[in-house]
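Quick caveat: nothing in here was measured; it's all calculated off a predicted structure.
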Amino acid sequence: MTATLASMPSPCYRVALLIGADPEVESALANVLSPEGWRLRKAADNDEAFAIAKACVFDLIITGRHTSGREDVAFLRRIRSVRPHTRMIILTDDSTPGDVIASMREHAFGYLSKAFSIEALSETVHMALDSPCWDDGIEVVSATPQWIRLHVRCERQAADRLLQFMREIADLDLPEDERRDIGIAFREILLNAMEHGGNFDPAQYVEISYVRTSRLVGCRIKDPGQGFSLEEIHHAAFANPPDDPTAHLAIRDAKGMRPGGFGVMLAKHMLDDLIYSEKGNEVLLVKYLPGAAG
């Protein structure tokens, strides 16, 4: 006799569920999951996936590109009703900034739209594998595609996930190298806030406000620390004397700090404006859009 779906044994720990037929995505997932000891199971569509997820526990669910972002967010809500802690990565070729924001509200683990690269998918899956205890870390305080307020836990993985979401929301009409530079600058300043203001303490949060107008993209980052003065920071690259561009590395090593210290210098080079508050625990990042120079 064929077993009913409800009586099927739940898969063992470390099983992912892929929705839809997509050989390219399936191959990429196998390359990431198999070496880590994960198994991959497939479902034809969201309805079948929901029925399977009700009966079996999955650590990761990846949606198919054939459904829209709105459909996948609705599916995520259904999954949350029966499996509230399952990580979900949304893949879609039909997306809007509003869909990305909705996925953040519903605590999607990742979101990749349009012609995403297999490398980006692999990176997102690796992040999911590296978070054994699923806990979101990104709280949407208020959001429209033009103005978003967030609280983000002081963890490196939360910063990397947020950068991916923001790339999808912003969808800037800029050359690829400029978009990449903006992402690097945002990540560096965010990590600085998490490290020096929040001590990478998961109990601490960074406040982020993102604003998009017809002329510019702006981002305010506020950390929970006591602030600082740029003139007092000798462990950062921008403070190096002209004849010794790596002097700060020795200072960082002596203080037992991680390698780096180039964040502020990189951000100043890649953005149009980088403005710190008087206290030093808030910073405003500004990038003007094409045609806004006047």
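Here the CZ-CG distance, from Arg65 to Asp93, works out to 6.0 Å after rounding to the nearest 0.5 Å. The structure places CG of Leu285 at 10.5 Å from NZ of Lys268, a figure rounded to the nearest 0.5 Å. Atom CH2 of residue Trp147 and atom OG1 of residue Thr213 lie 12.0 Å apart, to the nearest 0.5 angstrom. Here the CG atom belonging to Leu121 is positioned 6.5 Å from the CD1 atom belonging to Ile89, to the nearest 0.5 angstrom. Distance check, rounded to the nearest 0.5 Å: CD1 of Ile19 to CG of Leu91 gives 9.5 Å. The distance from atom OG1 of Thr124 to atom CD1 of Ile62, rounded to the nearest 0.5 Å, is 10.5 Å.
For Arg187, the side chain to side chain donor-acceptor pair (under 3.5 Å) partners at least two apart in sequence or on another chain are Asp160. Residues passing the salt bridge (charged side-chain N to carboxylate O under 4.0 Å, His left out) test with Glu26, sequence neighbours excluded: Lys42. Qualifying salt bridge (charged side-chain N to carboxylate O under 4.0 Å, His left out) partners for Arg180, counting only residues two or more places apart in sequence or in other chains: none. Residues forming a side chain to side chain donor-acceptor pair (under 3.5 Å) with Thr92 (at least two apart in sequence, or on another chain): none.
In terms of heavy atoms, Tyr111 sits closest to Ser103 at CD1-OG, 3.3 Å. Scanning both residues, Ile138 and Ala158, for their nearest heavy atoms gives CD1-O, 4.0 Å. The minimum heavy-atom distance between Ile169 and Val100, with the atom names listed, is CG1-CG1, 3.5 Å. Nearest approach of Ile221 to Ala193, heavy atoms of both residues: CG2-CB, 3.9 Å. Nearest heavy-atom pair, Arg83 versus Thr86, reported as atom, atom and distance to 0.1 Å: CB-OG1, 3.2 Å. Shortest non-hydrogen contact noted between Gly98 and Pro145 is N-CG, 4.2 Å.
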### Task
Give the intermediate values and the outcome of side chain to side chain contact (heavy atoms under 4.5 Å, CB included) for residues Asp223 and Glu282.
CA-CA 7 Å; Asp223 67 55; Glu282 296 180 71; over 6 Å; no

#### Entry: Audit row: Asn281, Tyr276, side-chain hydrogen bond (donor to acceptor under 3.5 Å, both in side chains) steps and yes/no
CA-CA 8 Å; Asn281 69 331; Tyr276 277 89; over 6 Å; no

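Both Leu129 and Met127 belong to a common hydrophobic cluster when Ile, Leu, Val, Met, Phe, Trp and Tyr are linked at side-chain heavy-atom distances under 4.5 angstrom. Hydrophobic clustering (side-chain heavy atoms under 4.5 Å, transitive across Ile, Leu, Val, Met, Phe, Trp, Tyr) keeps Val206 apart from Val141.
Judged by distance alone, the side chain of Glu139 and the main-chain N or O of Leu150 form no donor-acceptor pair under 3.5 Å.
At a threshold of 4.5 Å between non-hydrogen side-chain atoms, the residues Ile182 and Val217 do not count as touching. A heavy-atom distance below 4.5 Å is not found between the side chains of Arg156 and Met194. With a 4.5 Å cut-off on side-chain heavy atoms, Thr96 and Asp99 count as touching. Within the 4.5 Å cutoff, side-chain heavy atoms of Arg41 are placed close to those of Cys56. In this structure the side chain of Arg80 reaches within 4.5 angstrom of the side chain of His107, judged on heavy atoms. Contact of the Ile208 side chain with the Lys222 side chain is not registered, since no non-hydrogen atoms from C-beta on lie closer than 4.5 Å. The side-chain heavy atoms of His269 and Asp181, taken from C-beta on, include no pair separated by under 4.5 Å. Looking only at side-chain heavy atoms (C-beta outward), Phe200 and Glu155 stay at 4.5 Å or farther from each other.
Cation-pi geometry between Arg161 and Phe109 is satisfied (NZ or CZ under 6.0 Å from the ring centre, within 45° of the ring normal).
Atom CD of Gln226 has 12 or fewer neighbouring heavy atoms from other residues, nucleotides or ligands inside a 6.0 Å radius.
In summary, Arg87 and Asp59 engage in a salt bridge, as defined by a charged side-chain N under 4.0 Å from a carboxylate O.
Pairs of residues two or more places apart, or lying in two chains, that qualify as side-chain hydrogen bond (donor to acceptor under 3.5 Å, both in side chains) and include a residue from residues 200-212 are Arg153-Tyr205.
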Please tabulate, for the side chains in residues 66-78, all donor-acceptor contacts under 3.5 angstrom to protein atoms that are two or more places apart in sequence or on a different chain.
from	atom 1	to	atom 2	distance (Å)
Thr67	OG1	Gly64	O	3.1
Thr67	OG1	Asp72	OD1	2.7
Thr67	OG1	Asp72	OD2	3.2
Ser68	OG	Glu71	N	3.1
Ser68	OG	Glu71	OE1	3.2
Glu71	OE1	Ser68	N	2.8
Asp72	OD1	Asn46	ND2	3.4
Asp72	OD2	Thr63	OG1	3.0
Arg77	NE	Glu106	OE2	3.1
Arg78	NH1	Asp47	OD1	3.1

